[in-house]
Each structure stands twice: as structure tokens, then as C-alpha cells.
Visitor: 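I have a structure here, written as C-alpha cells, and I will follow up with some questions on it.
Chain naming here is simple, since letters A, B, ... match the order of the sequence lines and numbering starts at 1 in each.
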Protein chains: 2
Amino acid sequence: MNRHVTPQNIGAAIAALEARFPSSVSTGKSARRLHAGDESHHEPSEPDIVVHPKSTAEVVDVVKIAARNRVPVTPFGAGSGLEGGAIPHRGGISLDTSELSEIFEIRPDDMIARVGAGVRRLDLNQALRDTGLFFPVDPGANASIGGMVSTGASGTNAVRFGVMRENVLGLTVVTAEGKVVKTGSLARKSSSGYDLTRLFVGSEGTLGVVTEVTLRLHPIPDAVSAHAGFETLAGAVNAVTDIKRAGLQIGRVELLDAPLVDVINRRGDMRLEHLPTLFFEFHGAPAEIASLSGTIADIVSENGGRSLEWPANAEESRVLWETRRDCLAWAKAEREGAHSWPTDVCVPISRLAEVVLETREDVARSGIPAYIVGHVGDGNFHCVFMLRPEEEAEVARLSDRIVERALAAGGTASGEHGVGLGKRKFQQQEHGAEAIALMRSLKAALDPHGILNPGKVLPDT
Amino acid sequence: MNRHVTPQNIGAAIAALEARFPSSVSTGKSARRLHAGDESHHEPSEPDIVVHPKSTAEVVDVVKIAARNRVPVTPFGAGSGLEGGAIPHRGGISLDTSELSEIFEIRPDDMIARVGAGVRRLDLNQALRDTGLFFPVDPGANASIGGMVSTGASGTNAVRFGVMRENVLGLTVVTAEGKVVKTGSLARKSSSGYDLTRLFVGSEGTLGVVTEVTLRLHPIPDAVSAHAGFETLAGAVNAVTDIKRAGLQIGRVELLDAPLVDVINRRGDMRLEHLPTLFFEFHGAPAEIASLSGTIADIVSENGGRSLEWPANAEESRVLWETRRDCLAWAKAEREGAHSWPTDVCVPISRLAEVVLETREDVARSGIPAYIVGHVGDGNFHCVFMLRPEEEAEVARLSDRIVERALAAGGTASGEHGVGLGKRKFQQQEHGAEAIALMRSLKAALDPHGILNPGKVLPDT
């Protein structure tokens with residue numbers, strides 16, 4: 001175990017937590033194992049103790065106990081992370097946010113909700129169902145809102161509604177010394193003071209523990225879906241670039257490569273041509289969509305696309321997006337003993353076709369099954385490997401090459417999964433030594449004893 | 001003068017700057033006077049020396065000389081600020097960014113531009129004219145891009161295209177110790193590392209000197225304008241709230257109160273009914289706008305609005321937006337010896353009508369001419385006083401009450417003008433002691449000797 005704390009410290013922290021939270025802590029094997037890992041390929045690491053605070057005040061007490069004993073405290077949301085951000089890499093306390101599950105306030109007229117960090121996004125959207133509003137950020141998994149803040153999540157809707165950064169109005173954060181900081185306001189914009197909200201979004205619990213989140217909501221749009229196959233992967237990508245360049249608004253546009261289309265044809269309810277395919281969603285009134293879709297059909301055709309296919313009804317649209325959500329799990333199921341390793345880079349949109357094609361070729365040479373899906377409107381794509389344990393080293397090499405290629409193209413090592421454990425080693429290369437030094441000075445200022453999720457985001461010194 | 005540095009320090013810094021930049025510094029009275037103030041009501045304060053660096057490397061040398069001699073350095077852009085952010089409040093060096101004026105790169109396919117901090121926004125849009133793209137953030141004045149980053153500017157287009165925060169992809173920043181930090185990438189989104197970009201946006205040169213900015217560009221939309229008068233100010237505001245709540249996309253929507261409409265009728269080329277009025281801009285293809293405008297006309301009517309009036313041609317649309325841009329200057333011209341004092345708050349949209357009405361009543365009692373304009377789609381409005389010198393104290397009281405009202409409604413002391421000198425006293429009330437303490441720790445970490453634009457953003461300790 002990579003422990004930086006002594007057994008004495010851990011023992012004292014456990015005793016203090018057990019005394020303070022007699023019914024909300026566990027040092028049992030099963031609880032520790034449940035909080036050791038996430039959905040990523042990163043090696044699990046058990047915490048010494050798991051605590052389930054029920055309020056910001058209780059989080060304060062947890063952090064104060066951690067601080068007093070110099071013991072790591074790592075927030076844990078839904079466990080759906082893909083880069084190991086919630087893995088208690090250096091032991092200590094796993095701070096499970098699942099009981100910070102209150103929806104404090106829904107303000108339909110302001111299109112704002114204030115929720116506990118442990119609220120799951122589907123539960124929030126369920127609570128919003130009578131308002132005509134929804135929270136659009138959709139990373140696929142039923143993640144916790146706090147986890148989505150921490151990783152800077154996005155997903156299929158980001159091309160239309162933005163990422164977490166743009167949809168968080170304010171936060172309640174417990175600092176490393178146990179103070180409660182409230183950031184932001186209920187106003188939709190502000191130029192008042194340093195932007196603490198955005199400092200915490202994407203910081204993965206390394207600068208503070210997020211306990212409450214104020215979110216922007218959006219009216220549920222009238223949506224129509226469509227899909228189109230393309231002769232080439234480059235044609236599919238370039239069609240999206242042309243759509244963006246023309247200023248046309250799309251609700252979602254997702255790329256699925258031909259191997260994934262094969263999986264869908266074998267396992268799903270859609271029947272698609274064996275071609276790289278785009279799934280679209282258009283928003284607006286029928287006349288607006290009719291106007292928009294004509295132009296988009298032209299752009300699709302100009303890029304070697306087949307005709308836009310329209311689901312016959314709402315049920316078929318639902319199936320289309322369920323297919324998108326589930327197809328990677330189907331792909332995994334096709335290979336016995338395989339687990340998945342999703343990569344996640346984002347590049348300038350002019351370089352996307354080239355980077356995707358190079359990735360496709362590189363991966364094909366390896367012979368390891370891999371599928372490319374992409375939030376291509378943002379330049380973000382995932383090459384998802386379905387690997388067996390003995391292929392880990394090879395996939396690690398391929399994954400590194402994907403990041404290197406993205407960085408060389410002026411892109412980023414993480415589009416939406418965060419840094420966690422997996423992208424730390426690329427931080428210096430991506431941001432440069434001076435930016436990393438500045439990030440370290442922020443970390444030192446906010447968490448001088450390094451108790452908050454140590455060993456994440458920043459590379460080792 | 002509020003000087004925190006000794007004449008010896010200043011003398012040494014001046015000597016070093018004169019030696020290093022023999023042709024780019026001035027200690028002459030006229031240069032110092034030109035850099036003493038901005039367009040705000042805040043009292044000017046002359047720098048001891050003005051320097052015009054031509055590159056990031058030269059900015060490094062300026063900051064190092066400032067650091068070595070513990071002399072304040074305050075960036076100065078176009079001088080169009082409205083809260084005193086560029087006023088060298090404690091003397092020292094005014095770092096004029098106007099020669100950081102290179103447009104380094106326009107990448108039409110990526111819809112990205114990289115420019116020097118001193119580039120003016122109209123010059124950038126002129127350089128973009130053959131690309132079909134534009135940079136949408138429009139605070140009215142022909143501000144410098146660096147100044148717009150520093151104040152977190154927005155303006156009429158923000159309701160559609162977002163504020164600076166959402167349109168800055170990356171920055172080059174010179175730190176207080178003279179290091180060059182590059183933030184962000186060319187990717188449209190990222191979850192990689194702390195969000196240094198957003199930390200600097202809105203920090204008004206107090207955490208570092210911005211020298212280069214990478215911006216998101218947008219396709220120039222097909223736009224159609226309209227306007228409508230309303231029986232009541234509340235009706236006008238509520239129409240906008242209903243439009244937002246219905247998920248309808250508008251390019252711009254600006255409120256002008258009845259007194260301002262009177263000014264327009266006296267001084268401008270439009271003839272409007274004497275009513276609170278909304279100016280609209282809709283984006284999209286004709287069919288989309290036809291569909292949208294029908295629904296909007298219904299909402300206008302439901303809120304006591306007259307029929308939507310459509311300019312007969314592009315020229316009339318141009319006149320409409322020029323009228324919006326110029327009407328406050330006309331109002332000022334109507335009162336001899338008057339200067340303007342623009343307030344700038346932003347509130348949750350459900351509270352906007354009430355806050356605007358209370359402001360209108362409060363102001364009417366004073367008898368001092370004041371006009372309300374609002375970027376009402378965001379909840380941001382300005383009550384602009386046209387005051388004579390002897391009315392300063394009364395306007396200061398009224399201005400404070402506007403902020404108090406906004407904060408009580410859950411809003412912010414600054415929607416888009418920044419904190420500068422004017423909103424410092426409200427920082428603690430808005431953000432709370434713990435958030436201010438955190439901001440101070442960021443300032444201390446990034447600028448330990450307090451040389452970067454001292455006396456701005458944060459309240460005095």
C-alpha cells in the first residue's frame with residue numbers, strides 16, 4: 001500500500017470518527033472494498049474507514065478529524081468515475097457523499113436547483129419532471145452531482161447546453177481546515193470577485209469537499225432524432241465540423257465507428273448499415289427542425305453520408321439514445337473476460353478527423369477490440385478498449401499514444417473524465433512547468449497539509 | 001496620494017524601466033494623466049511611470065522590475081472600464097497593453113483566434129470579416145480583449161453566446177514573479193487540471209498580467225431585429241422571463257425604460273411609443289425566425305406588450321442597435337455638466353421585475369435623472385445616473401441601495417463591470433467571510449508581495 005500516514009494517525013482518526021459518528025462509519029471489509037475503486041481500470045485501494053456524513057456540518061467534522069490527524073480524506077460519490085478520482089490511493093478516510101442527498105430547493109422561475117453533492121442526476125431529473133425543466137449534463141452513468149462537479153463532467157448534451165463548468169452557479173465547499181465556503185450566487189452571471197466556483201469544478205476533491213451545488217436548469221426541448229451512415233469516418237467527422245462552422249444548432253451529435261455499428265446490429269434493436277454513423281438530436285418547433293434538417297441533410301450528403309434516417313416515432317427515438325448509451329456494454333459482453341478501458345481526449349475540431357483516423361489505424365494494428373465513440377461537436381472522443389488482463393500493458397501504451405497525439409494536436413489529455421490517477425503523468429506536458437507550479441501553489445494554499453485526495457490531479461514532485 | 005511604496009523604491013523602478021525601455025516609457029505629466037483614470041466616476045490617480053511593452057517577454061521584464069522594487073504594477077487596456085480596475089490607485093507603474101496588439105493566429109476551421117491582450121474587439125472583428133466568424137462579446141465600448149478578460153465582460157450578446165468566461169479558451173499570463181504561464185488549450189472543452197483560465201478571468205490584473213488570449217469565435221448569425229413597447233416595466237421584464245422559461249432562443253434582448261425612450265425620441269432616428277421597450281434580435285434561417293417570432297409575439301402580448309415592430313430593412317435594424325449603443329450618451333448630453341454613473345447588478349430572473357421596479361421608484365424620489373437599461377435575459381441591468389458633481393453623495397447612496405437590493409435578492413454586486421474600486425466594499429457581504437479569506441489566500445499565493453494592481457477586487461483587511 002502507498003501509505004503516507006502512520007498507523008498511529010490512522011488509529012486516532014478512526015477512534016475520533018467512531019466516537020463522533022457511531023452509526024455512520026464502517027471499517028468493515030465489505031464497506032472498505034466497496035469504496036476502493038470506481039468503474040475505471042485503475043487498481044483499487046481500500047480506505048481505512050468509510051464515513052457517511054449527512055450534512056455539511058458533519059463533513060466539517062470529518063475533515064477536521066482528518067486535518068487534526070493528518071489523514072487523507074477522499075470524497076466518494078456514485079463510484080462511476082473513469083479515472084480513479086475517488087480511489088483512496090493513499091488510504092485514510094473515504095468520505096461517502098451518498099447521504100448528502102437532499103434536494104434543497106427547486107426554483108422553476110429562476111431555472112435553478114440547489115442539491116446535496118450526493119444527489120444522483122437521474123433522481124434530480126425525476127424530481128424536476130413536473131416543472132418542464134431538466135439538468136442536461138449527461139455523462140452516461142447515473143453519477144452524483146458532486147462527482148460531476150469534481151471531474152468537470154459533460155457528455156452528449158454538452159454541444160448544446162455546455163459542460164458542468166457552465167451549469168454550476170455556486171457551491172458549498174468544506175476547506176481543508178474545516179471552514180464552509182459558499183461560492184457564486186443565484187444570478188446567472190457575475191463579475192464579482194475571484195471565480196471560486198470554477199476553481200473547484202474539476203478539482204476532484206483536492207482543494208475542498210463539495211457538499212452542495214447550485215445548478216442551472218434548462219427547459220426540456222422538443223427533440224427529434226435522426227441518424228446517418230457515412231462512407232468514411234473522416235466524412236462523418238467533417239460533417240459535424242461543417243455543421244458547427246455553419247452555425248447550425250444541434251442538440252446532440254454522436255459518432256459511432258463501424259465496429260460499434262456491428263455490435264449494435266448483433267445485439268440491439270436498431271438495424272444500421274455497416275458504416276461509421278452519426279446519431280443526431282435536433283431541438284425546436286417542427287418548422288425550425290424542418291428548416292434545420294434540410295441544411296444538415298445537404299451537409300451530410302456533401303461529406304459522403306447516406307440520407308438522414310428519421311425514427312418513425314418517439315419510441316424509436318428512445319431506442320436510438322438507449323442504443324447509444326448501452327452499446328459499449330454490449331461490446332464488452334461480446335468478449336469473454338474483458339473489461340473496458342475508455343480513453344478520453346479532446347482536440348481542436350479541425351484536427352479531429354485526422355486524430356480519430358490515426359487512432360483507428362494504431363488500434364487496428366494491436367488486434368485488441370476497440371470502439372470509437374465521440375461527442376464530436378466538441379472535438380471530444382473516446383476510444384474504448386475491451387481488453388483481457390494480459391493486454392493491460394499494450395492498452396496502456398496505446399492509450400498513452402492517444403493522449404500524445406491529442407496533445408501534439410493542441411488538445412487536452414482529458415475531455416471530460418478528469419485527471420484522477422490516469423492523466424497525472426501528462427499534466428506537465430499539457431500545461432507546462434510554470435502552470436503546474438502555479439497549480440501546486442494553489443494546492444499548497446488551500447490544502448497545506450495535503451490531506452485532500454492526495455496523489456490526484458497533480459503529478460508527483 | 002494613497003502610496004504604499006517609498007520614493008526610493010519608485011525612483012529605483014523608474015531608473016530600471018528607463019534603462020530597459022528607453023523608448024517605451026514615460027514619466028511625463030500627459031502620459032501619467034492619460035493613465036490615471038477610466039470612464040468611471042472613480043477618482044483618477046496618476047501612476048509614477050507608464051510603460052508600453054511590446055511582447056510577453058517585455059511584460060516579464062516590467063513585472064520583474066516592479067517585483068524587485070516592490071512597486072505596484074497596474075495593467076491598462078483601452079481605459080474604457082467602468083469600475084476603476086485600471087486606475088493606479090496606489091501609484092507605481094501603469095502597464096499599458098496597447099502595443100500587445102498582434103493578432104497572432106486566426107484558425108477559421110477551429111473557430112479560434114489568438115490575440116495580444118491589447119487588441120481591441122472591433123479590430124479583431126474587422127480582421128475576421130472574411131471568415132464569416134466573429135467574436136460576440138460586446139460590452140459596448142471598443143474595449144481591449146485583455147481588459148474584457150480582466151473584468152469578465154459580457155454585454156448584449158451574452159444571452160446567446162455567453163460571457164468572457166465561456167469564450168476564453170486559454171491565456172498567457174505573466175505572474176508576480178515574472179514567470180510566463182500558459183493556460184488552456186485549443187480544445188473546446190477539458191477536464192485536465194485546475195481551471196487556471198477561469199481563475200484569471202475577472203481577476204482584474206490582481207493575480208497576473210494577461211498578455212495573450214485564445215478566444216472562441218462563432219459563425220455570424222443571420223439576424224432579424226424587432227422591438228415592442230409594454231404597458232408596464234414589469235410586463236417587459238416578465239415577457240423576457242417567460243421567453244427564457246419557454247426555452248426560446250433569442251440573440252439579444254435589451255430593456256430600455258420609458259425615460260430613455262423619451263431621449264431616443266428627442267435625439268435619435270427611431271420613433272417609439274412612450275413606453276418601457278424591449279429591443280430583440282432573433283437568429284436563424286427565415287423559417288426558424290418565423291416560427292420563433294410567432295411564439296414570442298404571443299408572449300409579448302400576454303405581458304401587456306404592443307405588437308412586435310419589425311424594422312423594414314437592414315438599415316433600420318442597424319439604426320436600432322446603434323440607438324441602443326448611443327442612447328445613454330444622448331441622455332448624458334441632455335443635462336449640462338452631467339457625468340454618468342452606471343450601476344451594474346445581476347439578480348435571479350424571478351426577482352428582476354421587482355428589483356427593477358423598486359430601483360425605479362427609489363431613483364424617482366431623488367429627482368436625479370437616471371435611466372434603466374438591461375440585459376434582462378441574464379437578470380443583469382444598469383441604472384445609469386446622469387449627475388452633477390454636487391449630487392455625487394446622493395448617487396453613491398442610491399447606488400449602494402441598488403447593490404444591497406440585488407444582494408438581498410440572491411444576486412451579485414457586479415454583473416459585468418467588475419469589482420475594481422467600486423464594488424470592493426460589498427465583497428464580504430456578497431461572498432461571506434470564509435470565501436473572502438479563501439480569495440485572500442489565492443492572492444497571497446500568487447502575489448505574495450502585493451505588487452499586482454493593489455487595492456482592487458479584495459476589500460482592505
Visitor: Could A:Arg188 and B:Asp378 be called an ion pair, given the rule that one side-chain N must be under 4.0 Å from one carboxylate O?
Guide: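 Salt bridge between A:Arg188 and B:Asp378, a charged N being under 4.0 Å from a carboxylate O: no.
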Visitor: What option among A:Ala246, A:Gly420, A:Gly415 has the most heavy-atom pairs under 4.5 Å with chain B?
Guide: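 Among A:Ala246, A:Gly420, A:Gly415, the one with the most close pairs to chain B is A:Gly415.
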Visitor: Are any non-hydrogen side-chain atoms of B:Arg107 and A:Ser350 less than 4.5 angstrom apart?
Guide: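 B:Arg107 vs A:Ser350: side chains touch.
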Visitor: Quick one: what part of A:Lys423 sits under 4.5 Å from any heavy atom of chain B, side chain, backbone, both or neither?
Guide: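 Neither part; nothing is under 4.5 Å.
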Visitor: For chain B, which residues of residues 162-171 of chain A have at least one non-hydrogen atom nearer than 4.5 Å to it?
Guide: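 A:Val163, A:Arg165, A:Glu166 fall under the 4.5 Å cut-off.
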Visitor: Using non-hydrogen atoms and a 4.5 Å limit, figure out which bit of B:Thr241 sits close to chain A: side chain, backbone, both or neither.
Guide: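 Only the side chain of B:Thr241 comes within 4.5 Å of chain A.
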Visitor: Pick from A:Ile289, A:Thr206, A:Thr295: which one has the most heavy-atom pairs with chain B under 4.5 Å?
Guide: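 Ranked by contacts with chain B, first place is A:Thr206.
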Visitor: Any side-chain heavy-atom pair from B:Lys182 and A:His431 closer than 4.5 angstrom?
Guide: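 A side-chain contact is absent here, since even the closest heavy-atom pair is not under 4.5 Å.
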Visitor: Are there residues of residues 405-413 of chain B that reach to under 4.5 Å of chain A by heavy atoms, and which ones?
Guide: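 Within residues 405-413 of chain B, the residues that come under 4.5 Å of chain A (heavy atoms only) are B:Gly410, B:Gly411, B:Thr412, B:Ala413.
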Visitor: Looking at A:Arg198 and B:Asp195, does any basic side-chain N land under 4.0 Å from a carboxylate oxygen?
Guide: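 Result for this pair is no, no salt bridge flagged.
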Visitor: Heavy atom to heavy atom, less than 4.5 Å: which residues from residues 434-441 of chain B reach chain A?
Guide: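 Within residues 434-441 of chain B, the residues under 4.5 Å from chain A are B:Glu434, B:Ala435, B:Leu438, B:Met439, B:Ser441.
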Visitor: Report which part of B:Glu83 has an atom under 4.5 Å of a heavy atom belonging to chain A: side chain, backbone, both, or neither.
Guide: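 Contact with chain A involves no heavy atom of B:Glu83 at all.
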Visitor: Kindly state each residue pair satisfying ring-ring contact (aromatic ring centres under 6.0 Å, His included) with at least one member in residues 153-182 of chain B, sequence neighbours excluded.
Guide: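 Residue pairs with at least one partner in residues 153-182 of chain B: B:Phe134-B:Phe161, B:Phe161-B:His218, B:Phe161-B:His283.
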Visitor: Quiz question: by atom type and distance under 3.5 Å, do the side chains of A:Ser185 and B:Glu430 form a donor-acceptor pair?
Guide: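 No - no donor-acceptor pair under 3.5 Å links their side chains.
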